There are 2 protein chains.
Amino acid sequence: MMGVILAHESAAFRPRLSIVQVEESTDLAPRFDAAGLLTVVTTDAESGDVVMVGVMNAEALARTIETREAHYWSRSRQCLWHKGATSGLTQHVVELRIDDDQDAVWLRVKTAGVGANCHVGYRSCFYRRVDLPVDEGVSAPAARLVFCEAEKTFDPIAVYGDAPNPTQL
Amino acid sequence: MMGVILAHESAAFRPRLSIVQVEESTDLAPRFDAAGLLTVVTTDAESGDVVMVGVMNAEALARTIETREAHYWSRSRQCLWHKGATSGLTQHVVELRIDDDQDAVWLRVKTAGVGANCHVGYRSCFYRRVDLPVDEGVSAPAARLVFCEAEKTFDPIAVYGDAPNPTQL
């Protein structure tokens with residue numbers, strides 16, 4: 001019986017044949033985990049800041065390569081997620097890298113509009129740093145966070161309205 | 001019955017109480033997934049390049065904060081992993097950021113020794129980029145990879161000997 005052959009399975013990606021092929025060759029042979037996903041790190045192509053971490057399934061990766069606009073798999077909504085479809089803050093892919101064992105990709109992007117990427121309203125989802133102890137080996141009490149962005153770039157209520165917040169406790 | 005209270009549970013992290021607390025406050029209240037892990041992106045503090053993606057459990061995050069040396073959870077070996085313990089290529093943490101819903105951290109590091117971070121021998125695990133189609137919407141044949149680092153920084157055989165390769169097919 002012949003199965004359905006999806007374009008992104010037949011054309012875009014190679015089968016994984018050996019460690020040498022995966023690590024040392026020019027074959028794009030990504031590895032998706034048991035849930036069909038791989039990890040995506042997205043950085044701002046100009047500032048270099050990490051702006052978000054997400055996941056892609058095979059379709060999201062294929063569409064990102066074909067369109068040069070970042071597509072992810074939304075775990076909160078369980079659907080393909082064209083970033084910026086709601087907010088207008090699309091991410092144009094300047095460069096797409098893949099790691100040694102091909103289970104993670106790094107997108108360098110230029111974000112449209114006001115250039116923010118975080119649903120809370122900041123440019124980066126990583127808008128807070130941990131206040132690290134100055135001296136190594138010092139066990140601090142409960143670590144505190146320090147804000148790295150002085151203010152939000154957009155108002156999430158104005159952009160997303162009453163859409164459910166993806167953050168889970 | 002009193003349970004064992006681990007230091008990294010009692011002192012370093014706060015319980016997750018509300019979305020406002022998690023997203024808008026200065027409380028460090030990380031979210032570990034069903035496997036007890038969160039995603040870690042590590043960048044070179046000088047070049048800004050993403051050098052690796054890994055995971056941490058609560059102990060790895062607490063030790064990283066306390067010692068300012070990157071600790072991960074090794075999924076291939078199923079143990080706490082002090083990066084560089086074998087190779088000497090330890091990662092000094094210059095900055096540690098956490099994302100909006102606190103299920104991912106970003107380490108900016110300065111790597112010891114020759115400054116490489118990848119078990120294959122390169123500075124970054126992301127030593128290859130996908131050769132993206134120039135025109136949007138053009139469905140390319142099987143995408144090819146292009147090497148971004150001209151040569152390996154160290155010889156993995158000399159550093160790791162016959163230790164098992166962590167890459168899985």
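For clarity, every value in this text was computed on a predicted model and none was experimentally measured. Letters A, B, ... are given to chains in the order of the sequence lines, protein chains preceding strands, and every chain is numbered from 1.
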Heavy-atom pairs under 4.5 Å with chain A - which of [options] has more of them than the others?
{"options": "B/V53, B/D49, B/I98", "value": "B/I98"}
{"options": "B/L96, B/V41, B/T26", "value": "B/T26"}
{"options": "B/S47, B/C118, B/S25", "value": "B/S25"}

(message) Does this structure show an ion pair linking B/E24 with A/R128, if we count only N-O contacts that are shorter than 4.0 Å?
(response)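 Here B/E24 does not pair with A/R128 in a salt bridge, since their nearest N and O are not under 4.0 Å apart.
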
Same apolar cluster (I L V M F W Y, side chains within < 4.5 Å links), [X]/[Y]:
{"X": "A/V130", "Y": "A/F147", "answer": "no"}
{"X": "B/W81", "Y": "B/M56", "answer": "yes"}
{"X": "B/L107", "Y": "B/I65", "answer": "yes"}
{"X": "A/L38", "Y": "A/Y72", "answer": "yes"}
{"X": "B/V146", "Y": "A/L28", "answer": "no"}

(request) Look at the side chain of A/R16 and the backbone N and O of B/Q168, then say whether any donor-acceptor pair between them is shorter than 3.5 Å. (result)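 At least one qualifying donor-acceptor pair exists.
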
(request) Look only at the side chain of A/R97 and the backbone of B/F126, and say whether a donor-acceptor pair between them is shorter than 3.5 Å. (result)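 Between the backbone of B/F126 and the side chain of A/R97 there is a qualifying donor-acceptor contact (under 3.5 Å).
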
Answer whether the closest heavy-atom distance between the side chains of [X] and [Y] falls below 4.5 Å.
{"X": "B/V93", "Y": "A/L132", "result": "yes"}
{"X": "B/R144", "Y": "A/D27", "result": "yes"}
{"X": "B/N165", "Y": "A/E23", "result": "yes"}
{"X": "B/Q102", "Y": "A/L145", "result": "yes"}
{"X": "B/V50", "Y": "A/T43", "result": "yes"}

Atom [atom1] in [X], atom [atom2] in [Y]: separation rounded to 0.5 Å?
{"X": "A/D100", "Y": "B/H119", "atom1": "CG", "atom2": "NE2", "answer": "5.0 Å"}
{"X": "B/D103", "Y": "A/R75", "atom1": "CG", "atom2": "CZ", "answer": "6.5 Å"}
{"X": "B/C125", "Y": "A/D101", "atom1": "SG", "atom2": "CG", "answer": "8.0 Å"}

(request) Kindly check if the number of other-residue, nucleotide or ligand heavy atoms within 6.0 Å of CD (B/E151) is above 12? (result)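 No, not enclosed.
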
(message) Taking atom NZ as the centre, does A/K110 end up with more than 12 heavy-atom neighbours from other residues, nucleotides or ligands that are less than 6.0 angstrom away?
(response)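 Open.
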
(message) Looking at chain B, which one of A/E95, A/R31, A/R63 has the largest number of heavy-atom pairs inside 4.5 Å, strictly under?
(response)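 Between A/E95, A/R31, A/R63, the count favours A/R31.
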
(request) Pick whichever of A/V105, A/I19, A/T64, A/T39 has the most heavy-atom pairs under 4.5 Å with chain B. (result)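 Most heavy-atom pairs under 4.5 Å with chain B: A/I19.
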
